[in-house]
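All heavy atoms count here, side chains included; hydrogens, waters and symmetry mates do not.
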Amino acid sequence: MPTRPGDPAAPERAVPDRPAEADEAELRRAVRSVYVVFIMAGLGLSSWAARIPQIRDQLQVNPATLGIILLCAALGSVVALPLSSVVIMHVGEPRAVTVFSLLFALGTLTIAVGVLSGIALTALGLLLLGFGNGIWDVAMNVQGAAVEQRLGRVILSRFHAGFSVGTVLGAGISAAMVALQVPVTAHLIGLALVIAAVVPAATRGFIADPAPAGPAQRSSSSRALAAWREPRTLLIGVFVLCMAFTEGSGNDWLSLATIDGYHTAPAVATFTFALFLAAMTTGRWFGPSLIEQHGRVRVLRVSVVAAIAGLLLVVFGAVLPLAMLGAILWGLGASLGFPTGISAASDDSANAAARVSVVASVGYVAFLAGPPLIGFVGNHVGVLRGLTVTAGVLLIAFLVSGAIAPLATDDMKKESVQPDSLPAA
C-alpha cells in the first residue's frame, strides 16, 4: 500500500512554487470572491433552516409531514448533483454559481409565498432551492480547489469555515427576526434579494476557466461516469454521507428539538442552533492545524466521537445548559467531515470536478433520507429522541473514515495550512 501523509514513513511531498508576483492581485481577488460565495451559501441555508419552527407553525403540520416537506429540498439537490460535473465542465464555475444561486433565490421567494398559501407551493420552493444549491455547492468547491492549486497552499477548509461564518450570521439574523416577530415571508424575501445581488457580483472575481476546454472537457460525461466506479471515491462519499447526515440533523431539527424537548422559547432554541453553527465554524478554522499534526484519519475519528458525545448530551442532558454544551460538541465533531471529504476527493486534480460531484451526490443522500427518517421516528417518540438515529450513522462514519487518508502522489497539495503565507484576502 502507498504510504500516507501524517504517517512517520510518509515521504515529504514537494510544495508547488509560490505564484508569480504578477498573479498575486488576481489570486487575492479570487480568494475574496470564493469566500464571499461560500459565506452567502451558508447564510442562505441557515436563514431559512432557522425559521423551520415558524414555517411548521404557519403550515400547521406534524413532524412526519414536515419531514416530507423538507425532503423536497434534499430531492432537488440529489437530482442536481449528478448533473453538476457535466454542467461545470461545459459552462465553468463562474456561470454555474451565478445561474444556480439565482435559482436558489427564486426558490427562497417561492417558500416566502408558500408559507402563506399552503404546503404545495412551499414544497415547490424547497425543490427549486435544493436544485440550485446542489450545483452551486459543487461549483464553488471546484473553484475553491482551483484557487487552492494556484496558491500552492491548502485553503479549502478555510473556505468551508467561511460557509460556517455565513451559517452563524444567518442564524444570528434569524434569531433577531424571531425575537422582533418579523414574519417569515418578509425575512425570506429580503434573503432572496441579497443572494441575487451579491453572489453573481462575487463570481466576477473567480479564476475563469482554470481547466481550458479540450478533449478531456468534451468527454466530460465519460469522465463523470468513470468516477462512479472508483472504490476510494465511493467510500469517501459514504463517509461524507454520514457526516452530512450529522450536520443536516442539527441544521434541520436542533431548533425544533430544543423547543419541543426542553420547552424553551423560540429565540432560545435559535440561540442553541447558533451555538452549534459557531462550533462548526471554530472547528473548520482551527481543525486543519490538527490534521497537519496528527493526520486526517486520527483527527476525524476523534471528531466522530465528539459528535456522538454531543448528540447524546442534547438528547439525554435533561437540562438546557447541558443540551447547549452538547450542541457545541456536536458542532465541533461534525465540522471537518464534509470539507475534508471534499478535499480527499480533490487529492488528485486530474478529475476533481467529477470526483467532487460523486462524493457530493452520495453525501446529499443524507439530506434526502435524513429529514423524513428523523421526522418519522420523531412522530412516534418525539423529535428530541428521534435524533438518536444520528448516533448510529456516526458509527458507520467511524468505520469508513480510513478512506479519507491522503494519497501519496507527487502532484498532491501539501497537507498543511500556512495562513500567514497566503495572499491577503
Side-chain angles (χ1 to χ4, degrees), residues 13-44 84 87-102 135-166 169 194-214 216-217 281 284-289 292 339 342-343 346-350 352-353 356 410-425:
R13 290 194 300 272
V15 182
D17 292 336
R18 182 178 177 81
E21 186 173 347
D23 292 335
E24 292 287 343
E26 179 188 0
L27 283 172
R28 289 192 189 98
R29 185 183 180 197
V31 168
R32 288 194 297 268
S33 297
V34 176
Y35 268 124
V36 169
V37 169
F38 270 81
I39 289 169
M40 291 304 300
L43 184 146
S84 59
V87 170
I88 293 164
M89 289 175 185
H90 279 85
V91 306
E93 297 98 78
R95 188 174 299 175
V97 170
T98 294
V99 170
F100 290 96
S101 66
L102 291 175
I135 295 181
W136 176 5
D137 186 276
V138 175
M140 72 182 182
N141 274 286
V142 173
Q143 174 69 196
V147 171
E148 181 178 81
Q149 290 162 13
R150 288 280 297 272
L151 286 169
R153 297 286 189 275
V154 174
I155 194 175
L156 190 58
S157 297
R158 296 290 175 101
F159 290 144
H160 280 270
F163 177 91
S164 294
V165 167
L169 180 62
V194 169
I195 289 172
V198 174
V199 177
T203 62
R204 296 172 188 168
F206 279 14
I207 298 173
D209 300 322
Q217 290 290 83
T281 304
R284 284 177 173 170
W285 190 259
F286 294 103
S289 62
E292 179 188 22
I342 295 297
S343 290
S346 304
D347 277 346
D348 180 0
S349 60
V356 168
D410 291 339
D411 62 340
M412 272 185 49
K413 305 176 292 291
K414 185 177 181 182
E415 190 187 41
S416 63
V417 177
Q418 306 290 343
D420 292 340
S421 64
L422 293 175

* Take Gln143 and Ile207, measure what side-chain contact (heavy atoms from CB on, under 4.5 Å) needs, and give me the verdict at the end. => CA-CA 7 Å; Gln143 174 69 196; Ile207 298 173; 3.6 Å; yes
* Dump the intermediate steps for side-chain contact (heavy atoms from CB on, under 4.5 Å) on Phe206 and Val97, then the final yes or no. => CA-CA 10 Å; Phe206 279 14; Val97 170; 3.9 Å; yes
Just verifying a value: how many Å separate [X] [atom1] and [Y] [atom2], rounded to the nearest 0.5 Å?
| X | Y | atom1 | atom2 | value |
| --- | --- | --- | --- | --- |
| Ser101 | Met140 | OG | CE | 11.0 Å |
| Arg95 | Ile88 | CZ | CD1 | 13.5 Å |
| Ile135 | Glu93 | CD1 | CD | 13.0 Å |
| Arg32 | Leu27 | CZ | CG | 10.5 Å |
| Ile195 | Leu102 | CD1 | CG | 10.0 Å |

Check side-chain hydrogen bond (donor to acceptor under 3.5 Å, both in side chains) between [X] and all other residues, then give those that pass, not counting sequence neighbours.
| X | result |
| --- | --- |
| Ser164 | Arg284 |
| Thr203 | Thr98 |
| Ser84 | Ser357 |

* Residue pair Trp136, Val99: steps toward the side-chain contact (heavy atoms from CB on, under 4.5 Å) verdict -> CA-CA 8 Å; Trp136 176 5; Val99 170; over 6 Å; no
* His160 vs Phe38 aromatic rings, parallel, tilted or perpendicular, using cut-offs 30° and 60°? -> perpendicular
Taking the side chain as C-beta and beyond, is there a heavy-atom pair between [X] and [Y] under 4.5 Å?
| X | Y | value |
| --- | --- | --- |
| Val194 | Val199 | no |
| Val165 | Tyr35 | no |
| Phe159 | Val37 | no |

* To do: Before giving the answer on side-chain contact (heavy atoms from CB on, under 4.5 Å), spell out for Leu156 and Val147 the whole-Å C-alpha distance, their side-chain angles and the decisive distance to 0.1 Å.
  => CA-CA 9 Å; Leu156 190 58; Val147 171; over 6 Å; no
